[in-house]
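Letters A, B, ... mirror the listed sequences (proteins, then strands); counts begin at 1. Please read all numbers here as calculations on a predicted model, not as lab measurements.
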2 protein chains.
Amino acid sequence: MKLSTKGRYAVTAMMDLAIHDHQGPVTLADISQCQGISLSYLEQLFAKLRKEGLVEGVRGPGGGYRLGRPSSQISIAEIINAVDENIDVTRCLGSKDCHGGEKCLTHQLWEDLSGRLYEFLDNLTLASFINRPEIREVARRQDTIASRIATMFPPRPTIGVAVNASC
Amino acid sequence: MKLSTKGRYAVTAMMDLAIHDHQGPVTLADISQCQGISLSYLEQLFAKLRKEGLVEGVRGPGGGYRLGRPSSQISIAEIINAVDENIDVTRCLGSKDCHGGEKCLTHQLWEDLSGRLYEFLDNLTLASFINRPEIREVARRQDTIASRIATMFPPRPTIGVAVNASC
DNA sequence: AAGATACTGAGTAATTCAGTCGGGAATTAA
DNA sequence: TTAATTCCCGACTGAATTACTCAGTATCTT
């Protein structure tokens with residue numbers, strides 16, 4: 001279990017997908033612009049997320065990424081594990097001994113802690129975050145803004161700099 | 001909130017101190033040998049732990065490090081924060097805006113998650129780990145082995161390679 | 001057919017990790 | 001007083017990781 005900026009990028013991006021799940025797929029270009037992460041870097045992260053089945057890509061115009069499963073069935077732990085993929089190998093993993101034969105005490109304690117942490121993050125789903133009322137309110141408001149803008153400039157895909165109201 | 005190998009080193013080392021708290025200070029050389037971490041690297045980590053008051057150093061022969069507070073008053077979150085010191089700056093920290101004026105939604109969600117994680121780790125103290133009965137049993141057994149060896153070679157500080165039974 | 005989008009892989013500067021080295025400063029034991 | 005032991009401090013270094021760039025291919029919609 002490792003947790004770094006990379007993991008944060010992945011989690012916030014997944015939250016983005018979850019929020020806009022009912023609308024179409026979300027493009028990486030949107031997320032990139034929204035969160036200030038490079039597009040290619042996002043592509044690398046999403047390659048890993050896709051490999052784990054957490055997202056699915058839709059190609060072509062109007063495409064983007066969608067959640068691979070309902071947000072209630074995607075845990076934070078899964079997302080972090082997908083991109084950080086560091087199984088945190090202690091020097092004396094499993095039955096291997098550090099020194100004296102039996103697995104050393106502190107490593108047992110660490111495994112204990114690590115397990116508790118994983119359990120904690122595995123019980124937090126994407127849905128448990130985005131379903132809170134104040135969040136739904138903001139998302140709703142942004143949707144209406146977005147749709148209002150969409151009404152003002154109807155079918156044309158991009159007019160200069162895209163106004164992205166979903167951030 | 002960041003969590004890496006570095007944090008693990010710090011936590012396991014602190015657990016080591018906690019376990020042997022009733023005996024004298026623990027030397028970094030011991031921990032280094034026990035856990036297979038370089039001595040100088042440990043020194044750097046402990047410099048940070050000391051700055052936060054989590055440990056106190058005792059110089060001279062028979063010296064080493066002691067917990068700065070009772071193990072019941074040291075949380076895992078504190079330890080990790082002391083060495084990882086990454087306050088996890090999102091691009092739109094505080095009142096700054098990512099794009100549209102108000103703090104973006106996903107960053108609010110991340111802060112929420114980050115807060116929950118911190119709270120979780122802040123409620124886990126060193127004591128809550130080492131006070132579990134099976135741990136106390138192992139520690140006790142190691143203590144008796146250590147004291148038995150100490151009885152066999154009484155006052156002399158080091159005889160060749162130190163036999164470290166506390167791993 | 002054209003354009004938008006996901007995909008893939010090679011390469012790269014900057015940062016962090018983990019370690020080495022060389023030297024102090026304080027304390028205890030001889 | 002001397003020597004050994006330990007903490008303490010700072011500069012440097014190779015290796016790994018981060019985050020990014022570029023350049024291209026595959027697939028889909030219009």
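The A:Arg59 side chain lies nearest to D:dA26 when the options are D:dA19, C:dT8, D:dA26. The side chain of A:Gln44 has D:dC20 as its nearest neighbour among C:dG19, D:dC20, C:dT8. Looking at the side chain of A:Pro61, the nearest of the listed nucleotides D:dT18, C:dG19, C:dA4 is C:dA4. Distances were taken from every side-chain heavy atom of A:Ser40 (C-beta onward) to each of D:dC22, C:dC17, C:dT20; the shortest belongs to D:dC22. Picking from D:dA19, C:dC17, C:dT20 the nucleotide with the shortest atom distance to the side chain of A:Tyr41 gives D:dA19. The A:Tyr9 side chain lies nearest to D:dA19 when the options are C:dC17, D:dA19, C:dT20. For B:Glu43, the listed nucleotide lying nearest its side chain is D:dC8; candidates were D:dT17, D:dC8, C:dT8.
One hydrophobic cluster holds both A:Met1 and A:Trp110 under the rule that ILVMFWY side chains link at heavy-atom gaps under 4.5 Å.
B:Glu56 places its CD atom 15 Å from the C1' atom of D:dC8, with the value rounded to the nearest Å. Taking atom OH of B:Tyr65 as the reference point, atom C1' of D:dC7 lies 5 Å away to the nearest angstrom. Between B:Leu28 atom CG and D:dC9 atom P there is a gap of 13 Å when expressed in whole angstrom units. A straight line from CD1 of B:Ile31 to C1' of D:dT6 spans 13 Å, rounded to a whole angstrom. Between A:Lys48 atom NZ and C:dA6 atom C1' there is a gap of 18 Å when expressed in whole angstrom units. Atom CG in A:Leu42 sits roughly 11 Å away from atom C1' in D:dA19 (whole-Å rounding). If you take CZ of B:Phe46 and C1' of C:dG19, they are 17 Å apart, rounded to a whole angstrom. Rounding to whole angstrom units, CD1 of residue B:Ile37 and P of C:dT20 are separated by 12 Å.
Put simply, A:Lys2 has a side-chain N or O that comes within less than 4.0 Å of OP1 or OP2 on D:dT18. For D:dC8, the OP1/OP2 oxygens have no side-chain nitrogen or oxygen of B:Lys51 closer than 4.0 Å. Taking side-chain N and O atoms only, A:Arg50 has a distance below 4.0 Å to OP1 or OP2 of C:dT8. Between B:Thr5 and the phosphate of C:dA18, there is a side-chain N or O to OP1/OP2 separation shorter than 4.0 Å.
Within 4.0 Å (heavy atoms only), A:Thr27 reaches sugar-phosphate atoms of the nucleic acid but no base atom.
Under the 3.5 Å distance criterion, the side-chain polar atoms of A:Thr12 are matched with a main-chain donor or acceptor of A:Arg8. Within the 3.5 Å criterion, the main-chain N or O of A:Ile37 finds a donor-acceptor partner in the side chain of A:Ser32.
Residues A:Lys6 and A:Gly60 both approach DNA chain D. Their nearest nucleotides, taken by heavy-atom distance, put A:Lys6 toward the 5′ side.
Counting only residues at least two apart or on different chains, the side chain to side chain donor-acceptor pair (under 3.5 Å) pairs with a member in residues 36-52 of chain B are B:Lys48-B:Glu85. Among residues at least two apart or in separate chains, ring pair (Phe, Tyr, Trp, His ring centres under 6.0 Å) pairs with a member in residues 43-74 of chain B are B:Phe46-B:Tyr65.
For B:Ser4 and C:dC17, a side-chain-to-base donor-acceptor distance below 3.5 Å is absent, hydrogens and geometry of angles not being considered.
Here the rule is side chain to side chain contact (heavy atoms under 4.5 Å, CB included) with B:Leu126, and of B:Leu54, B:Ile74, B:Ile19, B:Leu17 only B:Ile74 fits it.
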